[in-house]
Amino acid sequence: MAACAKGLDKCMFSLRLLRSPRLQNERFLSTSLGRLAPKEPSKFTPPPKPVVIDKTQTVAAQRKFLSPEFIPPRQRTDPFKFVIERKDMIRRRKVLDIPEFYAGSILAVTMADPNASGKINRFVGICIQRGGKGLGATFVLRNIIDNQGVEICYELYSPRIQKIDVLKLERRLDDNLMYLRDALTEYSTVDPDMNPVPFSLTEEVPVNKMKVRMRPKPWSKRWERPKYNVQGIRFDLALTPEKMEHAQKWAQPWREYDMLKEYDTAQLEEQILSEVQQAMSK
Amino acid sequence: MCTNESSDGCLLQAVVVKTTTWFDEHLTEDNQEYMRKSMAQEYRRQTVDKLNPLKDEPWQRHDWTQGSRRVGLVAVKLGMAPVWTKAGERHVVTMLQVQDCHVIRHLSKEEYNGHTAVLVVGGKNVSPFHRSEEQMEMFRNAGVPPKHKVTTFKVSDNAVIKPGTPLYAAHFRPGQYVDVTAKSIGKGFQGVMKRYGFKGQPATHGQTKTHRRPGASGPGGDPAKVFKGKKMPGMMGNIFVTAYGLKIWRVNTKYNVLYVNGSVPGHRNCVLKIRDTVLPTRSSTLLSPPFPTYFTEEEGDLDEDLYDDNLFIHTDPSLTLT
C-alpha cells in the first residue's frame with residue numbers, strides 16, 4: 001500500500017511538470033535532441049521488492065521448530081489416539097513454557113521434590129538424550145557434582161517440573177551423547193551457577209563440532225561400532241586404525257537401502273507443526 | 001454330493017452347487033462403490049435416528065436398588081498414556097474408545113436361563129457383506145448397523161433398556177471401578193517356560209539337549225499316571241482374559257473415551273467388554289452412576305472432560321508439594 005501510494009505521488013509530480021508550458025517547449029527540443037544522438041536503451045531495473053515485516057506473529061512462532069515428541073512413531077495405532085494425546089500436551093505447554101532444545105544444550109530444571117529443603121530442586125546439566133513420544137517424552141541431564149557423575153531423567157510433561165531454562169542452546173554432532181559417560185570428566189562438567197548465554201531466535205542453532213577425548217577402554221558401550229554412528233569422539237587418539245577397521249565388520253550397509261524400514265515424516269511434521277502452532281496461538 | 005441307489009441298481013448322484021461368494025464378485029466397479037456408499041449412509045442415518053428420543057418411546061426407567069446390576073459397554077482399545085495425580089505420582093492408563101455401542105436385544109429371565117435377564121450389546125460398526133443372514137436379521141430388528149462384537153451382559157430386571165438405544169462413555173464416571181474382558185494376544189504354540197514360567201534346566205554343566213524342557217511330569221509308581229491338567233506346552237494366548245478392579249481416571253464425553261488404570265488384555269484396536277466391578281470392596285455404590293444408563297437427552301450437557309478428584313489436570317499450574 002505504501003509503495004503504490006509513493007508511486008502515485010511521483011506520477012502526480014511528473015504530470016504537474018508536463019503541464020507547465022515552459023517544459024512543454026523544452027520537451028519537444030529534448031526529444032529531437034534525443035533522436036540526433038541515439039542512446040542505448042537503459043536497462044530495465046525492476047522496482048525494489050517491498051520488505052514485509054509481519055508484526056502480528058511473534059518472533060518465537062516464526063521459528064519453525066517441532067519438538068520431536070510430537071512426531072508419532074511408526075505403529076499400528078489409530079491416529080486418533082495421537083490427536084487426543086497432542087491436545088493434552090498442548091494444554092500442558094500453555095501452562096509451562098517448554099523451550100526448544102537439543103542434545104548438547106545446557107538446561108536448568110526446577111522441580112518440586114518432597115524430600116528437598118524448601119521442596120524445590122534445581123539441577124543444571126547438559127542434555128545427553130531426548131527420548132519417548134507423546135506425554136511420556138523424557139530428557140536426560142548430565143552433570144558432575146563433587147567428582148560424582150549424576151544423570152537425571154526428567155519427563156517433559158510431568159506436573160512436578162516448575163521451570164525449564166535453556167542456559168546455552170546449541171547442538172552437537174550426534175543426537176545421543178551417552179558416550180560422555182566414557183569421556184573425560186571435563187566434557188560433562190557444567191557450572192551450576194552459569195549465566196544464560198543469550199541467543200537470538202532468528203538465527204539458526206549453532207552446531208558445536210567439538211570432538212571429545214575418551215578415557216581408556218573398556219567403555220560402557222563399543223562406541224566405535226557403526227550402529228551407534230558416533231561423530232563426536234576423537235577415535236584417532238583412542239583406537240588404532242586396525243581396530244576401527246575391525247569395528248566396521250558390524251556395519252550393515254544394506255540398512256540404508258531397506259525400503260520397509262523407511263519412515264518419511266516430512267508431511268506429518270508439517271501438518272502437526274501447523275496444528276500445534278494454531279492451537280498454541282489461541 | 002449324495003449318492004442314492006435307485007431301484008434298478010445304478011447310482012444317482014445329486015450334485016450340490018456351491019453358491020458362496022463375496023458380495024462384490026459379480027458386481028461392476030461402479031456398483032461396488034455404490035453399495036459401499038449406500039451402506040455407509042444407511043448406517044449414519046440409523047445412528048442419527050436412534051439419537052432422536054421422539055422417534056420411539058423408551059422403556060420404563062426404574063431407580064437403583066441394592067443389588068441391581070446395570071449394562072456394560074463395548075469399546076475399542078486405543079493405546080496407553082501416562083497420567084499424574086495431584087500428589088505427583090505417575091500412573092499409566094489405557095484409553096478405551098466407545099465406538100457405536102448399541103443395545104441389540106433383550107432376553108428376559110425365562111428366555112435366557114431362568115435366573116437373570118440379559119441384554120445383548122454390540123459395538124463398532126462393520127460392513128454387512130461378511131455377516132450371515134441370521135446375524136443381519138438380528139441387527140435389522142434392532143434397527144442398528146451390524147457390529148464387530150456382540151456380547152451379553154447379565155442385568156437385573158430394573159435395568160433393562162430398549163433395543164436400539166445407543167450407549168455412551170458417560171455411562172461410567174471417574175472414580176468408579178470396572179472389569180475389562182478381551183481376547184489376549186495370541187502367542188501360538190509355546191513351550192512350558194514361556195507359558196507357565198517353568199525354570200527349565202541349566203545351559204551348561206553337561207546338560208544333553210535339555211534346556212527348556214518341562215522335566216518330570218508327576219509323582220511315580222503310586223498314581224502311575226499323569227494327572228489331568230498337567231502344565232505342558234500348547235497354544236498360548238487368544239483366550240478371554242478379564243482384568244478386575246480397574247479405576248477410571250477420566251471420561252471424555254465428546255469423543256467417548258475412557259481412561260482406565262493400568263493395562264488391559266488385548267492388542268491395540270481390539271474390541272473389549274467393560275462392566276462394573278464384581279469385586280465387593282470396589283463396588284460403585286458410593287458414586288451413584290447413571291442408572292440404567294446415560295441418556296444424552298435427559299441428563300443434559302456434561303463437561304467435555306470429567307476428571308477424578310485426585311487426577312492432575314494439565315490446564316492447572318505446576319504442582320508445589322508442601
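Residue numbering restarts at 1 for every chain, and letters A, B, ... go by the order of the sequence lines.
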Would Asp100(B) and Lys147(B) count as a salt bridge (Lys or Arg N to Asp or Glu O under 4.0 Å) here? Give the steps. CA-CA 8 Å; Asp100(B) 318 312; Lys147(B) 305 288 181 188; 5.4 Å; no
Portion of Val83(B) that has a non-hydrogen atom of chain A nearer than 4.5 angstrom: neither
Decide if atom CD of Gln252(A) counts as having more than 12 heavy atoms of other residues, nucleotides or ligands within a radius under 6.0 Å. yes
With a 4.5 angstrom heavy-atom cut-off, could you sort out which part of Asp305(B) is near chain A: side chain, backbone, both or neither? side chain
Does Glu224(A) pair with Lys217(A) as a salt bridge, N-O distance under 4.0 Å? yes
Would you check if the distance from the ring center of Tyr179(A) to the ring center of Tyr228(A) is below 6.0 Å? no
Lys133(A), part contacting chain B, at a heavy-atom distance under 4.5 Å: neither
Looking only at Thr77(A), Leu135(A), Asp78(A), Asp88(A), most heavy-atom pairs under 4.5 Å shared with chain B are made by Asp88(A)
Part of Tyr157(A) within contact of chain B (heavy atom distance under 4.5 Å): both
Do Ile161(A) and Ser318(B) have side chains that get closer than 4.5 Å, going by heavy atoms? no
Choice from His267(B), Lys77(B), Met80(B), Lys86(B) maximising heavy atom contacts with chain A below 4.5 Å: Met80(B)
